[in-house]
Every structure is written in C-alpha cells, then in structure tokens.
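Have a look at the structure below before the remarks.
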Number of protein chains: 2
Amino acid sequence: MIAGAKDGRYHHGDLRAALVDAAIALIAERGVRGFSLAEASRRVGVSAAAPYRHFADRDELLAAVAVRGLHLFATMATSEAGDTADPRQRLAAMTRAYVRFAAEQRPLFDALYSAGLDKARYPYLQRAWAPVAAYRAVIEEICAGDVVAADALADALESAAHGHATLLLDACNVHDRDAVTAAADKAAAAALALIDGRQALLRRALTASDQR
Amino acid sequence: MIAGAKDGRYHHGDLRAALVDAAIALIAERGVRGFSLAEASRRVGVSAAAPYRHFADRDELLAAVAVRGLHLFATMATSEAGDTADPRQRLAAMTRAYVRFAAEQRPLFDALYSAGLDKARYPYLQRAWAPVAAYRAVIEEICAGDVVAADALADALESAAHGHATLLLDACNVHDRDAVTAAADKAAAAALALIDGRQALLRRALTASDQR
DNA sequence: GTCTATACCCGGATAGAC
DNA sequence: GTCTATCCGGGTATAGAC
C-alpha cells in the first residue's frame, strides 16, 4: 500500500517520494531501460502528467533515485568499516561495501551508473559524493602523506571496486547471495593486493616516460 | 557515400553491414540510449521496416555491433602486447589495450557492456570472447601453474581493467587523448601492482573464513 | 527475398480546466 | 496539485509492390 493513498486514488500525499519508490521497484523489475514515467505514474495511481509537477523530466526522477543511492552507500560503507582501526582493513571493508551495495541495491546502483545521466545537469548529484571522499584520509594515512601515491592508490581502489561490482551485475542476477559474497571478498582482496603492491603504481609512471 | 547506394537510394547492397556501420556512428553521437532502428534506417536510406529482414529487433543489431567490438578488441590486445616476452608486461599491455579500446572504440564498448543485452539470447556473443581467454595462459605462467591463484589473479585483473575503462568513459568525453593515455597507464600500473601484491588475493579468502 | 507503405501502441511532454 | 486532452515521435507488425 502506497503511503498517502485514499479512496483508491492518490491525492495530496508525498507524490514525489511515492514516485521515487515506484521508480526503484520498476527499475528492479525491468532495468533502467524498461523504466518509464508513464508506468511509474500508473503504479502510484496518478495521471502521466502529474510527475511533471515534481520532476522536469524522466531523467530528473532517475537523478533523485541516484541521490538516494549515494546516501545509502555512504551509510553502508561506514557501517561495514565499523570501528576497524587498521587503515588497510578499513579500505578493504569499504571495497566490500561497494560491491555489496551494487548487488543489494541494484536499482540505485543502476540509476547512478547505467542511467546515462548528464552529470553537468545535476550538480547536487555531484555534491552527494562528498561523504564518500572521507576515505581519502585513510588512503593518505597508508601513503604516509605522499599525495602523489595517495592519488594513484585512490584511483586504483575505486576502479577495482567499480570493476568487481559492474562485472558482478553483468554476470548474474543478484539474488545469488553466495555469488555476491564471493565477489565482495574478491574485491576486498584486490584492494589489499593493490595496497601491498602499490610501489608498482608509481614505478609505472616512470617507465612510461622512459619509453618516450 | 554508403556502399551499395544507387540512384540516391539503397538497393540490394549489403544492408546488414550498412546498418551496423550506421548503428556505430549513431551510438557514437547519441549513446546507446539515443540509438534507434528507425534513425539508423533513415541514415542508410531505407524504410524503418527494412532492418527487420536482417535483425529480429533492435537488440539483435546491437549484438552484431558487440561482436564486431570483440573481434577488434582481440586485435588491439595482441597488437599492444606485441612480442613482449615478460608475462608481467604482457598483462600490463593487455590491460592498457582494454582501456584504450573502451575509449577509442566507445560505441563498440558500449554495445558490449551498456546496451543491456540479454546474454542468454546471443550464444555467438559468448563465443566471441574466446580469443580473449588466450591471456589465461600468461596468468598461469606467472602463478607457476597454481590454478587457484590464477583464478584469483584473472578476476582481479579483469575487474581492474574494466573499472578503469568504465570510470574513464563516465568521467569525460573520449576525445581527450591525454586523459585516455593517463587512464590506460593507471590501469596498466594497477595490473602490475595486483601481480606484485597477489599474495593478498589468497590470504583474504583465509581470513574471511577465520572470521566465521 | 527484399523493400515500401501503413496502421497500431506506447512513452515523453505540454496546455488548460478544476 | 492533479486531471483531461492532445501532439509528437519511435518501435512493432503486416500486407503488398517489385
């Protein structure tokens, strides 16, 4: 039952939130491509024109879903890391959370990365990444304040997490809990391997310029 | 001028190939989401119904684009590796090729990963991955025949390459050659770091079961 | 066998009534 | 703030010309 529904119809409730909920359910069932404003409206019980009071167009509703996703990811990441003191283990936990978020909240992850949203159009979406950047401090701790090394490691860790997440979603449906756990473990292990082997992240830049 | 065009119209040429070419150009301009069979038909100079003689639906044309992409990637990967003997450097080169392929042939990469194609429907697409699997031998060489270690390293390397590629495409338009080179270098460096730190890929599995 | 013409449904988006 | 009505454009399917 949708909050705000009265006498079989939706009226003067929080239509905006109801549409976001419906969008998430719809993306879960049919993917981002199968999502439409019209169908979301139908499910909430309003006309196809109603959403345009709250969203300029289809993409803006998807952006709202993406923002909710970022908030949830920030929560999951800090929760997964818990009170782990070791910075290596904290980064591994964050990486595991990244993969678990993608799998357990696939519609939100898809809205973030597979919706083809024009980044420039949604500055608030950019800003919603801010909490995630907190982990930068952990990386610098490991790199003992070396900013260049921290940059390199940060990119490598983000890419590893993202790669494991997207390939997992590509390969299977997400209800296979074991597959999700396995992928999350692999990603966490890759994070630790990157940290341990991080000397190579810098050496490479040197040999590249040597070759010129 | 499109091959097979006569008297201003397209007739009895290789319509299938012409549609694949048009699809690639269209995806390059508007992305996978902006691609439509109707627009592709228009560009080739045939009616909107004509493609249905060659493709069951929109997705089947995208799958044809994806297959072409896999062939091209296999070529780029072997070319980039060249005659490098060191297995470490061969894997780094392959990773660099992965990122360069994504950037330089973005429409093909998008057809492969962002088109939302149903894998089960296109067994020939699955088979087209075969040439890529050749690099498995290089990984086993590094792991001295240890199959478990090779599995772990293979997953980590693929994920790293894929993560760097997708985040690059997400972040910028691809015509910035320097950004592409930088991302490819980072990915190659990450591959070397993963190889060097690969002990952690296996240790992780142990500590995970220890925690239970 | 290949393509054209056409009819149908659906989603996106806007204008104006309530 | 939501509804009805409406326009536009794309995808699907088929009948029939060549």
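What you are looking at is a predicted structure, and each value in this text was computed from that prediction instead of being measured.
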Closest non-hydrogen contact found for B:Ala22 with B:Ala40 is CB-O, 4.1 Å

Please round to the nearest 0.5 Å and tell me the distance separating atom CG of B:Asp185 and atom NE2 of B:His164.
-> 10.5 Å

Could you tell me the separation between the CG atom of B:Leu19 and the C1' atom of D:dG11, rounded to a whole number of Å?
-> 15 Å

N/O (side chain, B:His54) to phosphate O (OP1/OP2, C:dG1) under 4.0 Å | no

Atom pair distance, as rounded to whole Å: CZ in A:Arg33 and P in D:dG10 | 16 Å

Whole-Å distance, A:Leu61 CG to C:dG11 P, equals 15 Å

Nearest-0.5 Å distance that lies between atom CZ in A:Arg121 and atom CG in A:Asp57 | 4.0 Å

pair B:Thr166-B:Asp170: side-chain heavy atoms closer than 4.5 Å | no

Take nucleotides 12-18 of chain C nucleotide by nucleotide from the 5' end and write B, S or -, depending on whether a protein heavy atom sits under 4.0 Å from the base, only from the sugar-phosphate, or from neither.
-> SBBB---

If we only count heavy atoms from C-beta on, is the A:Tyr122 to A:Val67 side-chain gap below 4.5 Å?
-> no

For the side-chain hydrogen bond (donor to acceptor under 3.5 Å, both in side chains) test, which of A:Arg68, A:Arg43, A:Arg16 pairs with A:Asp21?
-> A:Arg68

Mind calculating the distance between CZ (B:Phe55) and C1' (D:dG11) to the nearest angstrom?
-> 16 Å

